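Lettering follows sequence order; numbering is per chain, from 1. Side-chain atoms are counted along with the backbone in the values below, which use heavy atoms only and exclude waters and symmetry mates. Keep in mind that this is a model prediction, so the values were computed, not measured.
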Amino acid sequence: PSGFCGEPLTEINYRLKWLLNTSAAGDIYADRGGYFVENGLRVVVKSGGPERDPIKELELGRAHFGVASADQVIRALSKGAKVKVIAQLFQINPLQWIYRPDEITVSTPDDLKNKTIGITFGGIDENIMKAILAKSRINESQVHLYSVRYDFTPFYQGRVDLWPIYRNAQGPIIGARMEKAGETVGYFNPDAHGIHSVANSVITSDEILRDQPELVENFLSALLKGWEMAMDPDNAEKTIAMIHDADRDTPLAVIAEQLSLTRGFIQPNPDIPIGRIDVEAWKQTEQMMLDQGMIDIPVHIEKALEVR
Amino acid sequence: MLHRRIYQFFIIYCLGLSGLFAFKYTLGLSDYVIPSPTDVWSTAQEYLFPFSMDVLDTLGVAVVGHMISICLAAVVAVIGGKANWIGSFIKMAAYNIQAYPIVAVAPIIFILFGDGLTSRLLITAMICYFPLLLSFIGIVSQPVPDIEHFYDVTGQTTWWLPLKVRMFENTGKLITVISGSATVAMVGTIIAEFIAADAGIGYRIRIALYQSDLSKILVALFLIGICTSLYLFALEFMGKKIQQRMDVQ
Amino acid sequence: MLHRRIYQFFIIYCLGLSGLFAFKYTLGLSDYVIPSPTDVWSTAQEYLFPFSMDVLDTLGVAVVGHMISICLAAVVAVIGGKANWIGSFIKMAAYNIQAYPIVAVAPIIFILFGDGLTSRLLITAMICYFPLLLSFIGIVSQPVPDIEHFYDVTGQTTWWLPLKVRMFENTGKLITVISGSATVAMVGTIIAEFIAADAGIGYRIRIALYQSDLSKILVALFLIGICTSLYLFALEFMGKKIQQRMDVQ
Amino acid sequence: MVTDLKPYSEADNYKMHIDLKGISFRHEKTDTLVFQNTDYRIQGPGFNAIFGPSGVGKTTLARIIAGETRNFNGLVDKMGTTRILYTYNMERLPNWSSLGEHFSAVSGASKKAYLEEIIDIFGLGSVINARFSQLSLGQQNRANLTRYLVQDFDVLIMDESLANVDEATKQRIILKIKQAFPEKIFLYISHNVVEVARFCKDIIVVRRPNRQPQVKTVSGFDFSGKEEPDQQTLEHIMLEIMNAS
Amino acid sequence: MVTDLKPYSEADNYKMHIDLKGISFRHEKTDTLVFQNTDYRIQGPGFNAIFGPSGVGKTTLARIIAGETRNFNGLVDKMGTTRILYTYNMERLPNWSSLGEHFSAVSGASKKAYLEEIIDIFGLGSVINARFSQLSLGQQNRANLTRYLVQDFDVLIMDESLANVDEATKQRIILKIKQAFPEKIFLYISHNVVEVARFCKDIIVVRRPNRQPQVKTVSGFDFSGKEEPDQQTLEHIMLEIMNAS
Ligand SMILES: Nc1ncnc2c1ncn2[C@@H]1O[C@H](COP(=O)(O)OP(=O)(O)OP(=O)(O)O)[C@@H](O)[C@H]1O
Ligand SMILES: Nc1ncnc2c1ncn2[C@@H]1O[C@H](COP(=O)(O)OP(=O)(O)OP(=O)(O)O)[C@@H](O)[C@H]1O
Ligand SMILES: [Mg+2]
Ligand SMILES: [Mg+2]
């Protein structure tokens, strides 16, 4: 690797989708484990948020790689952005709906009828929920959709029955808190009901992929190695320590739980290699968005997928 | 005057838009980063009307929130302007509450007041009252000795009189600040909607933000700008009338 | 004075906290809606120190943002205070930009300036400058004829002189407004961090919200309050010194 | 008729008076010495003047007597003169109501008839419906003085309160005041030596702090509208004032 | 010596003068009629007075002449008097510098020596390092007038500019002004009839708008420090002024 031959390491910006937490376990591991440097790269891993769009940053040349979910990628493509998906980190979307099994039962989509369901209008969870409803032939008038926001108060106060959360990141924290208060916690998982919508995936620009294939290769191999190490239960302690170092606001015990949950989303079974791009899921996501009018014309997402 | 306001706003908006487009085309950015003029235009055609309704909705709340803020700021300034312990305590409290970002306080507000109109108004008022408060306190705590002297020495001073004198002497400033803070009321309402509501232009902006849809945001900003200009104009007009009447009588 | 500030803040904070707990226990709310005192206490023990560092970090940016805001507001007020077309245009522009919620403008700012310190400072300044601007415009546009008359009739008026006169005559108000706006600078910085940063207390608050952890938010609010009180005190102290010097000379 | 200190007997102590004992005053910031160990007694009711060159300390003295300046050394001893009002010619009336409304608002019901008389004599009838900012300077002076006269007071200090009023009106006003309040003490600050000599009972002449005594008294003619002073007496008084100051 | 209108020949037209032609003025808001079709000529250089009862319109007239009031009817025709300055006794100096600094800042280098002389004669030497707010009222009056005297002007209107100054100082000041500016026009507004009669060349007596002509001239003694006026002449002039107003 060039880094050891005294050549200057080029600075590579890697923009995450969300803040540094367990959902970025492999990214953190690749960084702090030194895999990027081993591959001759100096990567700056930057946390994200809804206001900071990795796809825009790719185009503006402020980032070289980024993490985005399928809906973001598809929407961007529909508006002429030149992005390529080079890996899919989450094989299963960790977005689920939390509820109280003591009060309601939600085992099938049919159980959603007459429930008050929190969704982020404009967010991917709106997409997913509407897809579930459509698939189960539930009319939107048969449920109460409730606009969610930053805080959980309406759910806590029981005014909303189901509330969208990231199962691996928020679940252990909020679930634990409710259990501590003597309540039971259940999760409604859309993926279990046949809705495969793709979450965090690694993207880069057409240009970088075309002009610097070896950079992409170096980056991706280091990144995926990081993810493999991070997901390896034998490495758990080290991984947890690394995550905690980046995310001091989450206690170690919680990170441990988050990590074990994350494993199930990254590698649901050992046959699937980490980073595999699930073309069918992407197509389903595109179809969902088409059906709901979130994009006007097909973008043929498969063309933007760099399946290895 | 109104006419001037509006076309000045158009100029500002067009300047901003042109800047964005210039940025887009010099860097050859895709429609996703910065939408194309046609994209903005078609979005405008589609959303101008529904968004107008939302902006009017927002304006309604903003007006009420603005009134509340004015009263709130006046009361706090009156009490906080006193030189005693209670005064400095109230002032301290008012300043401190302001230092808390609304996003952090919002959950507490929602727990206490639910997430109906009350909370929205409260958030609007919290955001809007502070600029008012600052000016009010500044005005209310600066004596006008040439007028107040008589009342002081003849023992006719009430707690209210010095305030009346100081406010009256600074009517021009008060009107500037009150009408100017209309924009803060508007922005406060939008933020309240952004955080909590399922109506109003703030809510639309949040959706557009999640969808990374700059066209919609641009259309929303256009309408917000026009609406704010109108409200501002209305207030300044009223202010001018009040001042004229005060001078005449 | 400083001592009073701090204990007043303690009283306010404790009142708020007690109110929240009272609400919790009268309604029998569970710990996840409003955390129990022990929960808050243990969170405080764990996070008081790391959060303090973050608040100091935030304060640093706030101070710089505050300075920028003051300059910005002064410049805009000076130009916007003129009665000509340019003046009213600048004022219009300044007011309009204020009407846009920062959340809507933030994506554009990030596109144009990236997400470094520049954007953070810009957001802070945008939030903080407006309350200043309002007061500045109010002050700058109200003539002091008894002083300005001489310069006017002897042709010695420069563009700067009336401003100097008006600002000087209103030093007390200016100091009130400038020191008071410290809190807005603080909140502006926190919001900028909330939206964009990887450090600072605003970033912590965002995480705490994501984790729905009211205890952490309460600890953060405590530190923000103390820090703001200190900054406010420092500015008011400086203001008092300046005023004393101006009176003595 | 110049006296260093107005002599007074023990019995006088029980009449209304203001005693200044060892008054020293220095403006803190500029370090201007204004009074140095000054003693003086203002005795009994009457229309008195405080007189002296500009900048000598008349306003300062007046404010010390009225209790508006407190950081002086020495003692102000009052007897039967608890309500001391100080009014100066830069005062303004609030602009939110007309003169008439303002006057009614600040004067007790018992003073109504009396108020109307003053307004008439002061020549304010024609501007009774105007706001303060719409008055000429002399009208402003008079309006300000009017409202003080309908207050309860034992002593009224008028610091150049009629400085911008024409002499005919001023005479009317002074004579009216003297006739209406024979039992009160007035301290009238003015730079007009003729006027002071003519209308005042005692003229308190204030001198530079390096001169002792710093305050001297000259007896004036105390004209109250009956017998006109003859030219010579007046000139004599004026000369005395000039010599004293 | 009372004249309805100061008579002037055709030749006079080429000397410095200010002509008021058919001036009418009414305060918009209160509807107070102040001038009604008034004609007047202020002729040649000299120290003149504007005199009249309080509220009659002296300030209004002064501001019309100075061009500070514009919404009047009629014409003000100026000849050789383009630079007209109006100063009034409520003006304040900015408080950010001392008197001395302020004076230097507002007067040209050519006036330095002259400035120092004025400061001395005006008795401001002792307060030259003070700020305006630290002055007594009379000191404030004088400080304000000082800075106007070091400006370029053809006409200076002093609206009660010395109203709060003692008479000795006032005399020094007026004589100095007359001596230093023999070729300028001064319009001195004052309520002191003795002073006006003694020092002024022409006394412009302003009367109520229902009287015609509304402005009359009385010639004063125009004392300039040399021969003292005798008592009788002065009293005669004062009588004339009284009769005119
Ligand atoms: N606020 C102040 N700070 C410092 N010095 C002052 C202040 N006010 C007055 N002085 C000084 O104190 C002295 C006395 O002032 P004072 O106002 O009592 O004079 P006065 O006799 O009333 O004069 P005038 O007739 O001009 O009103 C003056 O020399 C003045 O310069
Ligand atoms: N701003 C104003 N609005 C309305 N009326 C006014 C205003 N200023 C003055 N007046 C009226 O106009 C008349 C003339 O006023 P002006 O000030 O010219 O009098 P003046 O002769 O200067 O009196 P003084 O000797 O008291 O200063 C007065 O009757 C006054 O009430
Ligand atoms: Mg005085
Ligand atoms: Mg006048």
Side-chain angles (χ1 to χ4, degrees), chain B residues 4-5 8-9 11-13 20 23 33-34 88-89 92-93 95-96 98-105 107-108 111-112 130-135 137-139 141-142 170 172-174 176-177 180-181 183-184 186-187 190-191 194 202 205-206 208-209 212 214 217 220-221 224-225 228-229 232, chain C residues 4-5 8-9 11-13 20 23 29 33-34 88-89 92-93 95-96 98-105 107-108 111-112 130-131 133-135 137-139 141-142 170 172-174 176-177 180-181 183-184 186-187 190-191 194 202 205-206 208-209 212 214 217 220-221 224-225 228-229 232:
Chain B
R4 179 161 99 172
R5 264 287 144 76
Q8 279 183 339
F9 167 71
I11 295 177
I12 291 162
Y13 187 81
L20 269 184
F23 189 77
V33 180
I34 295 173
S88 98
F89 183 76
M92 179 76 191
Y95 277 32
N96 255 295
Q98 173 59 27
Y100 298 151
I102 205 73
V103 281
V105 187
I108 301 174
I111 291 174
L112 298 179
F130 197 69
L132 288 164
L133 176 67
L134 277 185
S135 299
I137 284 203
I139 287 169
S141 51
Q142 188 164 320
N170 291 285
K173 289 186 194 111
L174 279 179
T176 305
V177 172
S181 67
T183 60
V184 194
M186 197 68 188
V187 84
I190 296 174
I191 288 175
F194 190 89
I205 288 178
R206 187 174 55 171
L209 202 65
S212 225
L214 202 53
I217 291 183
L221 293 186
I224 293 170
T228 310
S229 302
L232 206 63
Chain C
R4 180 160 99 172
R5 265 286 143 77
Q8 279 183 340
F9 168 70
I11 295 176
I12 291 162
Y13 186 81
L20 214 56
F23 190 78
L29 298 176
V33 180
I34 295 174
S88 98
F89 183 76
M92 180 75 192
Y95 277 33
N96 256 295
Q98 173 59 28
Y100 298 152
I102 204 71
V103 281
V105 187
I108 301 176
I111 289 176
L112 298 179
F130 197 70
L133 177 68
L134 277 185
S135 299
I137 284 202
I139 286 170
S141 51
Q142 187 164 321
N170 291 286
K173 287 184 196 114
L174 279 179
T176 305
V177 172
S181 67
T183 60
V184 195
M186 197 69 187
V187 84
I190 296 173
I191 289 175
F194 188 89
I205 289 178
R206 170 159 236 174
L209 276 177
S212 188
L214 200 54
I217 291 180
L221 293 185
I224 293 170
T228 309
S229 302
L232 206 64

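There is no contact between B/L132 and chain C, counting heavy-atom distances below 4.5 Å. With a 4.5 angstrom heavy-atom cutoff, C/S212 does not touch chain B via any of its atoms. Contact of B/Y95 with chain C is made through backbone and side chain together, with heavy-atom distances under 4.5 Å. Using a 4.5 Å cut-off between heavy atoms, B/S88 contacts chain C through both its backbone and its side chain. With a 4.5 angstrom heavy-atom cutoff, B/Q8 touches chain C via backbone and side-chain atoms both. Contact annotation for C/R4: only side-chain heavy atoms (C-beta onward) come within less than 4.5 Å of a heavy atom of chain B. The contact between C/Q98 and chain B is made by backbone and side chain atoms together, counting heavy-atom distances below 4.5 Å. Residue contact with chain C, scored on non-hydrogen atoms closer than 4.5 Å, involves the side chain of B/I190 exclusively.
Residue C/N96 holds its CG atom at 5.5 Å from CZ of B/F9, rounded to the nearest 0.5 Å.
Chain C forms more heavy-atom pairs under 4.5 Å with one residue of B/V177, B/I191, B/I217, B/I111 than with any other, namely B/I111. Highest contact tally toward chain C, considering only B/T183, B/V33, B/T176, is held by B/T183 [criterion: heavy-atom pairs under 4.5 Å]. For the options C/M92, C/R5, C/M186, heavy-atom pairs under 4.5 Å to chain B are most numerous at C/M92. Your options are B/I11, B/V103, B/I139, and the one with the most heavy-atom pairs under 4.5 Å with chain C is B/V103.
In terms of heavy atoms, C/G180 sits closest to B/L134 at CA-CD2, 3.5 Å. The two residues B/I205 and C/A104 make their nearest non-hydrogen contact at CG2-CB, 3.7 Å.
Contact check for B/V187 versus C/F130: no side-chain heavy atoms found under the 4.5 Å cut-off. Within the 4.5 Å cutoff, no side-chain heavy atoms of B/Y100 are placed close to those of C/T228. Within the 4.5 Å cutoff, side-chain heavy atoms of C/K173 are placed close to those of B/N170. With a 4.5 Å cut-off on side-chain heavy atoms, B/P101 and C/I224 count as touching.
B/I108 is linked by a side chain to side chain contact (heavy atoms under 4.5 Å, CB included) to B/L112, C/L20, C/L214, C/L218, C/L221, counting only residues two or more places apart in sequence or in another chain.
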